[in-house]
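Single-structure report; data block below.
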Amino acid sequence: MTKYIGKGIYDAVALGKISLFKRKKVKIESVKVADKEAELNRFEKAKQSALAQLEEIYNKALEEAGEDNAQIFEIHMMMIEDEDYNDAITDMIGLQGFNAEYAVSSASDSFSEMFSSMDDDYMQARAADVRDISNRIISCLTDSKTEQLSTEDKLIICADDLAPSETVSLDKNKVLAFVTAYGSSNSHTAILARSMNIPAIIGVGKEFLDEISDGQLAVADGFSGELIIEPDSETVTLYEKKLKDENEKKVQLENLKGKENITLDGTRVDIFANIGSVKNVDEALENDAGGIGLFRSEFLYLESSDFPTEEEQFKAYKSVLEKMSGKKVIIRTMDIGADKQADYFNLDKEDNPALGLRAIRICLTRPEIFKTQLRALYRASIHGNLGIMFPMITSVSEIEEIKEICKQVKCELDEENIEYSEKVELGIMIETPAAAIISDRLAPQVDFFSVGTNDLIQYTLACDRQNSHVDRFCDTHHEAILRLIEISAENAHENGTWIGICGELAADTTLTERLLRMGIDELSVSPSFVLKVRDKVRQIDLES
Ligand code: PEP
Ligand code: MG
């Protein structure tokens with residue numbers, strides 16, 4: 001029995017046989033071609049096949065992992081069409097007479113090197129994407145594919161690293177778990193694995209691949225991050241029991257559908273879902289979410305090549321409100337900036353974009369963009385129970401300015417005889433330390449608070465959420481974070497304002513009791529976590 005330790009990124013266990021993930025190695029040679037035109041056509045044909053494959057992968061990811069996670073493949077499609085990338089390849093073929101494989105491989109090297117040398121973590125991560133799309137075109141040129149899993153058994157897939165497209169291309173019905181030598185918990189692959197509900201361990205170290213072989217029995221423990229090769233009979237029995245318990249737990253969670261989110265002492269809490277698009281609403285309803293606690297509206301902007309029109313936005317918001325049939329729907333105004341960039345905003349390059357023109361700061365700087373979104377939101381408000389939430393708030397004056405703009409928008413709608421609901425709740429995200437600290441002054445201004453712990457952690461602990469190197473300094477349970485939440489809850493309640501949490505911490509069941517003791521009224525989590533959190537809530541006794 002041999003044990004390897006990595007980082008578990010999805011809490012589940014697997015017991016089964018190992019399959020080493022194999023990529024067919026293609027040797028790229030530089031060859032001069034006689035017919036440049038024919039070679040350019042070969043490249044174009046391979047590019048089109050690669051695009052068709054990506055379209056298929058995108059649809060698969062959309063189905064299995066949701067829109068936010070599928071987006072990476074849209075980005076890949078855009079990258080394949082990128083003018084500079086294409087020019088580099090076609091120049092090498094058309095002007096210099098090289099073969100297409102060599103031209104693609106050279107463009108891949110130079111573009112991925114360029115991305116790797118950039119300071120920005122997000123741009124560095126694009127290097128892997130360039131290699132991924134280039135390998136796809138090369139495999140179309142050479143007609144070589146990654147070997148498919150050709151067994152009836154479900155397997156524990158072990159790899160050095162998996163590209164997002166490789167992760168999603170694997171037949172989910174044949175994968176028991178993913179284990180990789182490298183990878184970071186914020187990588188797209190990790191996020192995809194999590195949203196596909198597959199146990200996964202990353203960062204096991206490169207030696208393990210030389211020491212294991214296909215068909216060996218293994219345990220992948222996503223809770224502890226352990227990969228156990230050839231477990232002894234005692235370990236097998238232990239994990240068989242854990243698997244049985246897990247399956248029973250799944251059935252138990254299913255049985256919680258339709259039940260209340262109530263503690264043993266009778267305290268109720270709302271458990272809502274976070275979504276990134278209209279399509280995610282079905283998942284929220286399937287998992288019995290009581291409402292939508294965060295609709296990240298910026299995805300409407302990110303999916304678009306230009307500003308989404310008022311009409312496009314209105315349709316999306318109306319559709320979510322209608323599907324939720326009167327349940328609360330909190331739509332956050334667009335949180336563009338930092339890691340969520342849309343070119344057509346033409347924002348200046350910033351040295352510290354997370355501390356820059358982001359979210360509400362863009363809205364208040366360019367009110368015409370903000371007003372279009374607010375008009376769409378107010379128009380949609382008659383179709384359900386809407387709350388509008390504003391991100392990245394740091395001061396009272398921002399709220400005053402926002403409210404003034406909302407007033408103008410409503411006046412304009414009145415003048416145009418366009419209906420809107422008077423019951424729309426206005427709320428803010430508590431995601432900067434400033435907002436938490438002056439929450440006594442912010443609370444009287446709004447109907448609700450929602451704590452964005454992802455950013456609150458980043459800004460309080462000075463840990464860039466995109467930077468995997470500071471993972472270990474980023475203690476999500478840091479006392480400073482918990483105190484800021486507690487202060488906000490006290491100030492909210494003293495002013496008759498309700499308070500929820502929509503950051504990832506809302507799904508952390510080791511904190512549920514503490515959060516409920518603070519008086520948190522609502523927890524908004526990914527749809528797949530709704531029942532888990534309900535289960536936890538129902539076991540808590542706040543009077544004990
Ligand atoms: C947060 O910051 O916790 C949050 C919910 O917003 P986002 O993750 O979209 O920044
Ligand atoms: Mg945030």
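We count ligands from 1, going down the list as the structure has it; atoms in each ligand are counted the same way. The figures that follow rest on heavy atoms only: side chains count, while hydrogens, waters and symmetry mates do not.
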* May I ask you to decide if Met334's main-chain N or O and Ser297's side chain share a donor-acceptor pair within less than 3.5 Å? =>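 It does hold such a pair.
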* **Reference residue Arg375; test salt bridge (charged side-chain N to carboxylate O under 4.0 Å, His left out); the match among Glu368, Glu412, Glu311** => Glu412
* Asked: Relative to ligand 1, is Arg465 under 4.0 angstrom through side chain, backbone, both or neither, heavy atoms considered?
  -> side chain
* Proximity of Val451 to ligand 1 by residue part, where a heavy atom lies under 4.0 Å -> neither
* To do: May I ask you to check if any N/O/S atom from Glu431 comes under 2.8 Å of the Mg ion (ligand 2)?
  => yes
* Could you check which of Glu431, Arg296, Glu504, Gln458 puts a non-hydrogen atom nearest to atom 5 (C) of ligand 1? => Arg296
* Asked: Between the candidates Lys340, Glu298, Met389, Arg332, which shows the shortest non-hydrogen contact distance to atom 6 (O) of ligand 1?
  ->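 Among Lys340, Glu298, Met389, Arg332, the closest heavy atom to atom 6 (O) of ligand 1 belongs to Arg332.
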Atom indices of ligand 1 within 4.0 angstrom of [X] heavy atoms, with elements:
{"X": "Thr453", "answer": "3 (O)"}
{"X": "Arg358", "answer": "10 (O)"}
{"X": "Cys502", "answer": "5 (C)"}
{"X": "Leu294", "answer": "5 (C)"}
{"X": "Gly452", "answer": "1 (C), 2 (O), 3 (O)"}
{"X": "Asp335", "answer": "10 (O)"}

* Asked: Step by step, would you call Thr180 with Ile201 a side-chain contact (heavy atoms from CB on, under 4.5 Å)?
  -> CA-CA 6 Å; Thr180 62; Ile201 303 173; over 6 Å; no
* To do: State yes or no: are the ring centers of Tyr10 and Phe178 separated by less than 6.0 Å?
  =>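 Ring centres of Phe178 and Tyr10 not closer than 6.0 Å.
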* To do: Looking only at non-hydrogen atoms, find the nearest pair between Ala380 and Lys318 and report the distance.
  =>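 In this case the closest contact between Ala380 and Lys318 is CB-N, 3.8 Å.
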* To do: Just do the side-chain hydrogen bond (donor to acceptor under 3.5 Å, both in side chains) check on Tyr317 and Glu312 with the steps written out, would you?
  => CA-CA 9 Å; Tyr317 305 148; Glu312 283 164 349; over 6 Å; no
* Using distance alone, with no hydrogens and no angle criterion, decide if Thr394 and Glu398 have a side-chain donor and acceptor under 3.5 Å apart. =>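 Judged by distance alone, the side chains do pair up.
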* **Flag if over 12 foreign heavy atoms under 6.0 Å of CD, Glu310** =>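 Enclosed.
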* Check all N, O or S atoms of Asp455 and name the one closest to the Mg ion (ligand 2). => OD2
